[in-house]
Amino acid sequence: MRPYYGSIAMFFLLFLPISFTNAAATTIQNSHARFVNQFLAAQNAARTALRMRPLMWDANLAKYAQWYANQRRYDCALRHSNGPYGENIFWGSGIGWTPAQAAADWVVERKWYNYWSNSCAPGKECGHYTQIVWRDTTRIGCARVTCFGGRGVFMTCNYNPPGNYIGERPY
């Protein structure tokens, strides 16, 4: 009598792909959570320092940010989308730039912002920081792309409601 292997084969066909699929889905979810947290951690720390509510991740804003980042993939130009949201953009040469580095780059502008004059130090930028801590902003979505032809990395975050209205203080 020959052994019957049909049930073993069926086991592998029915159960292993599901296990691999679940493991892959978990890995993707964990990777996405790390990606989101890299953008959020420094920005929410800046808001917490001012006793403000943290920004919440918004999938629709992230889709918009990804759409725009994909436009910049060809040239990596530091150009704003001019869309309906507040926006911070970042460019770095090479390919190793992380979302945490972009967020930290924006937050460090805090040292150039003077609340009492509601302005940046002469010759310095602080608008990225003021968008992050804008009192009415509650949601954020971000994206990162590696640009073609070795042009670097482009990242963008979009904020809703937007901020940085001329003549208004962020908080």
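For the pair D136/P162, no side-chain contact is recorded, criterion being any heavy-atom separation below 4.5 Å from C-beta on. Between I89 and M155 there is no side-chain heavy-atom pair separated by less than 4.5 Å. Between Y68 and E87 there is a side-chain heavy-atom pair separated by less than 4.5 Å. Looking only at side-chain heavy atoms (C-beta outward), T137 and N160 stay at 4.5 Å or farther from each other. Taking the side chain as every heavy atom from C-beta outward, Y171 and W134 never approach each other to under 4.5 Å. Contact annotation: the side chain of E125 never approaches that of Y113 to less than 4.5 Å [non-hydrogen atoms, C-beta and beyond]. Between Q66 and N70, the closest side-chain pair of non-hydrogen atoms falls below 4.5 Å. Side-chain contact between V107 and D105 is absent, with no heavy-atom pair separated by less than 4.5 Å.
Closest non-hydrogen pair, R47 versus I132, comes out as NH1-O, 2.8 Å. Nearest heavy-atom pair across L40 and L55 is CD2-O, 3.9 Å. Of all heavy-atom pairs between P84 and Y64, the closest is CD-OH, 4.1 Å.
A single hydrophobic cluster is seen to contain both V153 and V36, as judged by linkage of ILVMFWY side chains at heavy-atom distances under 4.5 Å, directly or through other members. A chain of hydrophobic side-chain contacts below 4.5 Å, direct or via other Ile, Leu, Val, Met, Phe, Trp or Tyr residues, connects Y129 to M52. Linking Ile, Leu, Val, Met, Phe, Trp and Tyr residues whenever their side-chain heavy atoms come within less than 4.5 Å places F154 and W67 in a single cluster.
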> Please walk me through it: do C157 and Q131 pass side chain to side chain contact (heavy atoms under 4.5 Å, CB included)?
Replying inline: CA-CA 10 Å; C157 286; Q131 174 56 77; over 6 Å; no

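Ring geometry for W106 versus H128: interplanar angle under 30°, hence parallel rather than tilted (30 to 60°).
Within the model, atoms CG of N60 and OH of Y85 stand 7.0 Å from one another, a figure rounded to the nearest 0.5 Å. Rounding to the nearest 0.5 Å gives a distance of 8.5 Å between CZ of F39 and OG1 of T98.
Formation of a donor-acceptor pair under 3.5 Å by the T156 side chain with backbone atoms of A69 is not found in this model. Using modelled atom types, no side-chain atom of T48 and backbone atom of R51 make a donor-acceptor pair closer than 3.5 Å. Of the possible donor and acceptor atoms, one in the side chain of N164 sits under 3.5 Å from a partner among the backbone N and O of G127. Checked by atom type and distance alone, the side chain of R151 pairs as donor or acceptor with a backbone atom of Y74 at under 3.5 Å.
For R169, the CZ atom sits in a packed shell: over 12 heavy atoms of surrounding residues, nucleotides or ligands are nearer than 6.0 Å.
Note on residues 54-125: pairs passing disulfide bond (SG atoms under 2.5 Å apart), not counting sequence neighbours, are C76-C147, C120-C126.
Ion pairing between a basic and an acidic side chain is recognised when a charged N comes within 4.0 Å of a carboxylate O; R135 and E168 show such pairing.
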Got a list of side-chain donor-acceptor pairs under 3.5 Å for residues 138-146, not counting sequence neighbours?
from, atom 1, to, atom 2, distance (Å)
R139, NH1, D58, OD2, 2.8
R144, NE, W97, O, 2.8
R144, NH1, T146, OG1, 3.3
R144, NH2, I95, O, 2.8
R144, NH2, W97, O, 2.9

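A side-chain N or O of N88 and one of Y159 form a donor-acceptor pair less than 3.5 Å apart.
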